[in-house]
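In what follows, a structure is listed as structure tokens, so that the remarks can point back to it.
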Amino acid sequence: MSLETNAPPAPAPSDFIRELVTQHVAEKRYPKIHTRFPPEPNGYLHIGHAKSICLNFGIAHEFGGVCNLRMDDTNPTKEDIEYVESITTDVNWLIAGWADRCLGLTAAQLPFYASDYFDQLYDYAVALIRQGKAFVCDLSPADMETYRGAPDRPGKDSPFRNRTVEESLDLFTRMKNGEFPDGTRTLRAKIDMSSSNIWLRDPILYRIRHAEHHQTGAKWCLYPMYDFAHCLSDYIEGITHSICTLEFEVHRPLYDWILQNLALPRPLPHQYEFARLSLGYTVMSKRKLMQLVEEKLVTGWDDPRLPTISGLRRRGVTAEALRNFAYHIGITKYNGITDVAVLEHAVREDLNKRALRRLAVLKPIKLVITNFPEDQTEELDAVNNPEDEQAGKRKLPFSRELYIERDDFQEVPPPKFFRLKPGGEVRLKYAYIIKCDEVVKDANGHVIELRCTADLDSKTGGATAGRKVKGTIHWVSVAHAVDVEVRLYDRLFTVAEPDAEGDFKAHLNPHSLEIVTAKCEPSLNDAKPEARYQFERIGYFTLDKDARLSTNNPQLIFNRTITLKDTWAKVVQK
RNA sequence: UGCCCGAUGGUGUAACGGUAGCACAGCAGACUCUGAAUCUGUUUGUCAUGGUUCAAAUCCAUGUCGGGCAACCA
């Protein structure tokens with residue numbers, strides 16, 4: 001069984017951006033479609049980034065183009081090599097077997113870096129100064145703010161705006177050479193301080209930062225701002241469609257201004273914007289995720305409860321499920337909140353197809369088959385995956401003493417309870433129909449054991465195998481059971497919009513993780529980290545990265561990816 | 001009080017002047033050795049008011065509501 005398939009979601013999605021690309025292809029506007037995914041390496045990627053990755057790589061994939069992974073690393077004080085590594089891993093994982101052939105710089109699956117272009121960017125800045133379109137400004141940060149004005153109030157020209165080209169050139173060189181401390185001078189574009197668009201009010205192009213950069217080391221103390229670096233990085237890489245989120249809409253005129261004022265010979269890239277993903281019952285901003293990690297409210301960036309790509313992966317969500325999810329939510333300019341149920345559905349749909357079925361009892365109670373011989377073990381046939389005949393079968397040991405799920409027995413059952421009850425019958429999955437004869441309790445009245453008789457002809461192929469009983473429950477043989485740690489994850493937050501108002505941490509779900517020791521069928525001893533399992537009637541599980549897989553001390557740890565849908569639980573609630 | 005962008009069932013989306021469709025969720029039923037899966041049926045919608053038109057979710061105007069923009073962040 002392979003975890004990644006080559007099947008793209010079909011049919012190919014359509015949205016306003018793809019429509020534009022289709023049009024551009026028809027017009028032969030570009031020799032090749034070229035997109036990019038440009039994260040800043042200042043945090044881990046999350047499912048919102050997955051949406052963007054699927055869009056950018058999806059377009060490259062569908063139109064025979066290329067998509068670059070580029071680290072937008074223009075601010076060394078916020079960035080770290082740990083993040084470039086995690087981002088590279090996550091992107092490669094998400095596109096593997098799907099759009100990995102569209103990746104620019106494929107050989108080693110390495111990213112591009114905006115910092116690779118610092119020399120060229122510097123030259124472009126000099127060109128702008130020479131044309132009188134940029135100047136060195138000596139305003140302090142505080143004065144800069146005053147001069148900028150406000151959205152409803154025009155700004156004021158900097159007193160340094162009419163400095164000569166020669167003087168700006170000289171100062172800019174000296175800024176580069178480290179002659180001035182941080183914050184003393186900037187390079188600014190000369191556009192229009194009275195523009196209704198703040199981003200056109202002589203925006204800063206370069207600032208001084210005496211800081212070590214994770215890629216360029218100590219070479220620079222002068223770093224370009226996003227607006228200057230981004231459009232030019234796109235141009236340098238030959239990007240045709242630069243797709244970003246809505247908040248950059250107001251930056252587009254600046255993006256175009258910089259490119260148009262540089263007399264560039266090749267066709268210019270264009271920026272298009274779409275709405276970022278908001279998902280219910282979680283938070284998505286890097287700041288908040290960072291807070292959860294730093295305050296140890298979760299175990300790390302890859303905590304399975306987080307919406308990070310690494311967290312979802314650890315949780316057991318597959319890349320294909322994430323891609324299908326991205327396909328289903330679409331691309332628009334409307335800022336809505338996507339129901340987590342859409343994600344959950346994509347995950348279940350995917351796991352249902354690939355998960356191997358296994359029997360595991362999470363909260364056990366002992367059950368004795370009084371008419372089954374004490375020292376006998378029977379090997380039963382069990383199907384690995386009813387959705388996939390190729391997955392084959394396995395043997396399941398059955399014996400006199402079993403564990404069943406505590407919840408599958410009720411002494412005083414509610415109406416329509418199809419499971420085990422005193423005097424009632426139920427089928428043991430893959431085995432016999434049993435009848436509950438006796439309920440054994442301890443001194444406090446707690447049920448500690450159930451004594452049952454089996455219809456020994458009711459096994460598959462037996463004389464009474466066709467008998468209909470309403471309920472089927474799972475079980476594990478006591479003598480053969482394997483103890484494993486199971487981590488039951490639930491939503492991290494108790495409300496759909498934790499960041500709607502007030503402190504989002506006030507809405508943390510105190511029960512987002514429950515750890516139990518489960519009793520599993522012995523075949524799970526051979527569980528594989530890349531495999532997905534369905535514990536029948538419970539949910540989907542996968543091995544955690546912490547699981548020790550040595551044969552001597554096989555401490556198995558399973559993460560619950562998601563529960564099975566549970567219609568009965570809803571009935572009980574009502 | 002400026003500028004930009006949005007608004008289609010509960011949620012996310014499609015319909016590009018001509019039958020408002022899809023998915024998720026919900027509800028009801030069938031089937032079932034997983035109360036899963038699968039299958040069938042089904043409730044619910046064009047922000048408002050005008051205008052243009054034989055015809056408006058779609059075009060125009062006004063309004064309402066929501067989001068974004070004033071880091072030497074991205």
Side-chain angles (χ1 to χ4, degrees), chain A residues 14-15 19 38-40 42 72-75 77-79 137 139-141 144-145 148-155 182-188 195-199 201 203-209 223 225-227 229-230 244-253 273 275 277 280 286 327-346 348-349 352-353 357 359 383 386-387 416-419 426-433 458-460 465-474 496 534-539 563-572:
Chain A
S14 178
D15 51 69
E19 274 174 26
E40 183 188 16
N42 67 346
D72 210 354
D73 55 349
T74 57
N75 185 1
T77 59
K78 288 195 173 172
E79 298 159 10
C137 181
L139 247 26
S140 69
M144 187 87 74
E145 199 182 326
R148 184 163 37 233
D152 58 345
R153 174 165 38 87
D182 290 6
T184 52
R185 280 180 235 267
T186 56
L187 181 73
R188 295 226 261 160
S195 172
S196 56
N197 183 341
I198 302 257
W199 294 98
R201 320 243 266 227
I204 295 173
L205 266 22
Y206 270 89
R207 80 289 216 187
I208 299 169
R209 275 260 204 294
Y223 292 95
M225 296 288 288
Y226 162 83
D227 288 292
H230 204 91
C244 60
T245 45
L246 249 25
E247 65 271 27
F248 292 99
E249 230 163 358
V250 286
H251 292 242
R252 195 188 332 131
E273 309 88 11
L277 170 68
K286 274 185 191 170
Y327 165 72
H328 279 293
I329 58 178
I331 300 291
T332 64
K333 301 186 77 155
Y334 175 72
N335 276 307
I337 297 176
T338 297
D339 193 334
V340 260
V342 180
L343 206 214
E344 293 172 343
H345 177 262
R348 289 194 180 103
E349 188 181 44
N352 178 49
K353 283 184 295 184
R357 312 293 128 124
L359 298 189
V383 173
E387 307 286 325
K416 293 263 182 87
F417 184 80
F418 300 155
R419 285 108 102 136
V426 83
R427 173 170 297 271
L428 295 175
K429 181 80 182 172
Y430 305 120
Y432 305 96
I433 293 172
S458 61
K459 196 169 68 167
T460 304
R467 273 179 62 206
K468 298 291 176 200
V469 286
K470 200 63 184 160
T472 299
I473 64 173
H474 59 281
Q534 183 199 93
F535 293 174
E536 291 204 56
R537 302 208 310 131
I538 304 279
T563 61
L564 250 31
K565 273 174 77 176
D566 192 350
T567 310
W568 173 241
K570 277 196 295 196
V571 174
V572 172

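These figures come from a predicted structure and were not determined experimentally.
- Using a 4.0 Å heavy-atom distance criterion, Gly183(A) is classed as a base contact.
- In the set G10(B), C69(B), U13(B), the nucleotide with an atom closest to the side chain of Val250(A) is C69(B).
- Which of G12(B), G35(B), A36(B) sits closest to the side chain of Ile329(A) comes down to G12(B).
- Counting any heavy atom pair closer than 4.0 Å across all strands shown, His251(A) reaches a base atom.
- A distance-only check finds a donor-acceptor pair linking the side chain of Arg201(A) to the backbone of Ser195(A) [under 3.5 Å].
- Using a 4.0 Å heavy-atom cutoff across all strands shown, Pro154(A) reaches no nucleic acid atom at all.
- Nucleic acid contact for Thr563(A): none, since no nucleic acid atom lies under 4.0 Å from a heavy atom of the residue.
- Proximity note for Tyr334(A) (side chain, C-beta onward) versus U32(B), U8(B), A25(B): the nearest is U8(B).
- If you check G35(B) for Watson-Crick or wobble pairing at under 3.5 angstrom, you find it has no partner at all.
- Put simply, the side chain of Ile473(A) reaches to within 4.5 Å of the side chain of Leu428(A), judged on heavy atoms.
- Under the Watson-Crick or G-U wobble criterion, with both distances below 3.5 Å, C69(B) is paired with G2(B).
- Phosphate proximity of U38(B) to Arg348(A): absent, as no side-chain N or O sits under 4.0 Å from OP1 or OP2.
- In the set U11(B), C27(B), C73(B), the nucleotide with an atom closest to the side chain of Asp339(A) is U11(B).
- Panel note: side chain Arg427(A), backbone Lys459(A); no donor-acceptor pair is recorded below 3.5 Å.
- Among the protein residues, Arg148(A) comes within range of the sugar-phosphate backbone only, with heavy atoms under 4.0 Å from sugar or phosphate atoms but none that close to a base.
- Counting heavy atoms from C-beta outward, Asn42(A) and Lys286(A) have side chains that approach closer than 4.5 Å.
- Side-chain atoms of Lys333(A) lie closest to G6(B) of the nucleotides C33(B), A70(B), G6(B).
- Close to A37(B), at under 4.0 Å from its OP1 or OP2, lies no side-chain N or O of Lys353(A).
- Two residues are said to be in side-chain contact when any heavy atoms from C-beta on lie closer than 4.5 Å; Ile208(A) and Thr184(A) meet this criterion.
- Listed pair Thr74(A) / A74(B) meets the phosphate criterion, a side-chain N or O lying under 4.0 Å from OP1 or OP2.
- Between His230(A) and Thr74(A), the closest side-chain pair of non-hydrogen atoms is not below 4.5 Å.
- Within the 4.5 Å cutoff, side-chain heavy atoms of Thr563(A) are placed close to those of Arg348(A).
- For Glu387(A), the listed nucleotide lying nearest its side chain is A37(B); candidates were G35(B), A37(B), A70(B).
- The phosphate of U32(B) has neither OP1 nor OP2 within less than 4.0 Å of any side-chain N or O from Lys470(A).
- Look at A28(B): its glycosidic torsion is beyond 90° from 0, and that puts it in the anti range.
- Spacing of C1' atoms, G29(B) relative to G45(B), comes out at 26 Å, to the nearest Å.
- Between Lys468(A) and C33(B) there is a side-chain N or O to OP1 or OP2 distance below 4.0 Å.
- Atom P of A25(B) sits at a distance of 9 Å from the matching atom of A37(B), rounded to the whole Å.
- In this structure, of G68(B), A71(B), A14(B), it is G68(B) that holds the atom nearest to the side chain of Glu247(A).
- Rounded to whole Å, the C1' atom of G18(B) lies 24 Å from the corresponding atom of A61(B).
- Put simply, Ser196(A) has no side-chain N or O that comes within less than 4.0 Å of OP1 or OP2 on G2(B).
- Nucleotides C72(B) and A7(B), compared at atom C1', are 37 Å apart to the nearest Å.
- For the P atoms, the distance from G6(B) to A15(B) is 15 Å, rounded to whole Å.
- Heavy atoms of Lys416(A) sit under 4.0 angstrom from at least one base atom.
- The aromatic ring of Trp568(A) sits over the base of G35(B), with ring centres less than 5.5 Å apart and planes tilted by under 30°.
- Contacts of Met225(A) with the nucleic acid, taken as non-hydrogen atoms under 4.0 Å apart, involve only primed sugar atoms and P, OP1 or OP2.
- As the counterpart of C59(B), G51(B) is assigned, both hydrogen-bonding distances of the Watson-Crick or G-U wobble pattern falling under 3.5 Å.
- Residue side chain Phe418(A) meets the stacking definition with respect to G35(B): its ring centre sits within less than 5.5 angstrom of the base's six-membered ring centre, and the planes differ by less than 30 degrees.
- Nucleotides U46(B) and U11(B), compared at atom P, are 13 Å apart to the nearest Å.
- Listed pair His345(A) / C24(B) meets the phosphate criterion, a side-chain N or O lying under 4.0 Å from OP1 or OP2.
- Arg207(A) has a side-chain polar atom (N or O) that falls below the 4.0 Å cut-off from OP1 or OP2 of C73(B).
- C24(B): Watson-Crick or G-U partner is G10(B), with both key distances under 3.5 Å.
- In this model, the phosphate group of A25(B) is approached by a side-chain N or O of Lys565(A) to a distance below 4.0 Å at OP1 or OP2.
- Of the candidates U34(B), C5(B), C72(B), the closest approach to any side-chain atom of Glu536(A) belongs to U34(B).
- One C1' atom belongs to C60(B), the other to G17(B), and the distance between them is 13 Å to the nearest Å.
- Nearest nucleotide to the Thr567(A) side chain, out of U34(B), G35(B), C16(B): G35(B).
- Atom name C1', nucleotides C65(B) and U49(B): the rounded distance is 15 Å, in whole Å.
- Between Lys78(A) and Glu40(A) there is no salt bridge, since none of the side-chain N atoms of the basic residue sits less than 4.0 Å from a carboxylate O of the acidic one.
- Here the nucleotide nearest the side chain of Gln534(A), chosen from A70(B), U34(B), A25(B), is U34(B).
- Base contact: Arg357(A) has a heavy atom under 4.0 Å from a base atom.
- Between Glu387(A) and Arg357(A) the shortest side-chain heavy-atom distance falls below 4.5 Å.
- Across all strands shown, Leu139(A) has heavy atoms under 4.0 Å from base atoms, whether or not it also approaches the sugar-phosphate.
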